[in-house]
Structures are given as structure tokens and as C-alpha cells.
Visitor: 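Would you mind keeping the following structure in view while I ask a few things?
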Amino acid sequence: MKNEGTLIVLSGFAGSGKGTLVKRLLADYNQYALSISMTTRMPRPGEEHGKSYFFVTKEEFQRTIDRDGLLEYACYCDNFYGTPKAYVEEQLAEGKDVILEIEVQGALQIKEKFPKTLLLFVTPPSAQELKARLVGRGTETEEVINKRMRRASEEAKCMPLYDYIIVNDDLEECVKNTHCIIQASHSTPDRVSKLIDNLKEELSSFSEGE
Ligand code: 5GP
């Protein structure tokens with residue numbers, strides 16, 4: 001039987017580079033699967049249904065909640081976002097490490113339901129750098145950039161609740177570090193509890209009669 005994979009939540013400020021990091025993890029290593037979220041927001045140019053998101057109406061989103069089809073969901077900037085349950089469960093059972101790229105409220109719901117989840121938070125090295133990246137994209141107005149910086153300030157309050165903070169300065173290093181952290185997490189006692197139980201069971205015969 002395959003070992004069950006690890007559930008990994010990756011959060012980070014808009015502009016932290018978390019999307020690029022996820023793409024690289026999927027491209028460079030064969031052990032990851034990415035969960036595609038469901039959302040009520042409109043697609044942006046270039047986004048495809050079923051690839052970027054499952055774009056649905058509010059009614060469909062509500063129906064999915066009602067039939068217990070989401071692992072978590074949250075409202076972010078007036079739109080709903082949620083993680084479809086079935087795909088995540090299938091991939092974990094297949095032994096894949098499943099990545100959820102979700103914001104902090106959803107991350108905390110997941111950690112509460114599944115305490116073994118690895119929570120990773122991606123950040124640029126400084127707030128100036130974050131702003132420079134958002135300005136550098138050239139796609140957002142100053143008003144939107146300021147809104148995102150205010151949101152980042154709120155999100156930063158939840159950073160201490162994550163398991164690891166990933167500083168995304170040099171992308172190559174960031175990809176390798178993230179992969180190493182995930183690999184190391186496979187060996188924590190809560191994730192190898194079956195091995196520990198088996199060893200205890202096998203070793204118990206040696207202590208009998210002492
Ligand atoms: P965007 O609209 O820019 O694609 O995403 C906005 C925010 O929603 C991002 O922080 C993204 O990580 C988060 N997000 C995407 N999918 C989900 C989801 O399924 N659940 C939650 N809680 N957040 C999500």
C-alpha cells in the first residue's frame with residue numbers, strides 16, 4: 001500500500017511569487033499535485049475553466065457547500081473561493097503531496113480539520129520589495145497596489161501561525177528550500193505514526209519477561 005501524501009498549504013501576499021513557486025515545484029518534481037479551486041470571481045484574461053479555477057455562479061458554489069463538497073472555503077475581496085474535496089482526497093490516497101494555494105482564513109480551517117497539514121507562507125524579503133514587485137508588474141493602478149499592501153499588512157498578522165516562512169528572494173533557492181522543507185516534513189513523528197506503532201508493537205516482545 002502506498003503511503004498517504006502530505007497536504008501542503010501555500011499562502012503568501014499578492015506579489016510574493018507563490019504562483020511561480022508552485023509552477024516550478026510541479027515542473028521540477030514528480031511528487032506534487034495542485035488542487036484547482038472553485039471560485040465565484042470572473043475569469044481574468046487568459047484564465048481557463050478547470051485550469052486556473054473552476055469558475056462557478058454563487059448558486060453553484062452554495063450547492064457545493066450544501067453537499068459537503070469543499071474542504072474549506074472563504075470570502076476574499078467579495079468573491080468566494082473553495083477547495084473541492086474529491087480531487088484532494090484521491091491524490092493524497094495516491095501518495096501525492098497535494099498543494100493548496102489558498103489565503104490565510106482557508107489555511108487555518110484546513111489546519112484545524114487536518115492538523116498534519118504543512119502550512120507554508122511565502123514572502124519577499126521586505127515590504128519595499130513587495131511594493132516594488134507589485135509596481136513592476138505594471139498591471140495594477142496605484143489604488144489597487146495600496147489596497148494589496150494594506151491586505152498584506154493584515155495577512156502578516158497570521159504569519160506566526162504557519163509552520164514555515166519561505167523567503168522568496170532568489171527563485172532557484174526558494175524552490176529548492178521549499179522542496180527540502182516538504183521532504184523533511186515527511187519524517188516528523190505525526191506523519192510516521194504508523195511506523196512508530198509498528199516498531200513499538202514489534203519491540204514490545206523484547207521487553208516481555210525482563
Ligand atoms: P485570485 O483572485 O488573485 O486568483 O486569488 C485571491 C486569493 O484567493 C489568493 O490569496 C488565493 O491564494 C486565494 N485562493 C485561491 N483559491 C482558494 C481556495 O480554494 N480557498 C481559499 N480559502 N483561498 C483561495
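Note that the structure is a prediction, hence the values are computed from the model and not measured. When a ligand or atom number is given, it counts from 1 through the structure's own listing order. Heads up: numbering here begins at 1 and tracks the sequence. Side chains are part of it too, since the values below use all heavy atoms of this structure and drop only hydrogens, waters and symmetry mates.
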Visitor: With side-chain hydrogen bond (donor to acceptor under 3.5 Å, both in side chains) as the rule and sequence neighbours excluded, what pairs involving residues 96-106 come up?
Guide: Q31-D97, D97-H186, E103-Q105
Visitor: Mark yes or no: R151 above the aromatic ring of Y76, with NZ or CZ under 6.0 Å from the six-membered ring centre and no more than 45 degrees from the axis.
Guide: yes
Visitor: Report the relative orientation of the aromatic rings in F80 and Y73; use parallel for angles under 30°, tilted for 30 to 60°, perpendicular for over 60°.
Guide: tilted
Visitor: Only counting residues at least two apart or in another chain, list the ones meeting side-chain contact (heavy atoms from CB on, under 4.5 Å) with L108.
Guide: L119, C158, L161
Visitor: Under a 4.0 Å heavy-atom cut-off, what residues line ligand 1?
Guide: K18, S37, R41, R44, Y53, E72, A74, Y76, Y81, G82, T83, E101, I102, E103, G106
Visitor: Under the rule for side-chain contact (heavy atoms from CB on, under 4.5 Å), what residues qualify as partners of K85, not counting sequence neighbours?
Guide: D68, L71, E89
Visitor: Should the heavy atoms of other residues, nucleotides or ligands under 6.0 Å from CG of D66 be counted, would the total exceed 12?
Guide: yes
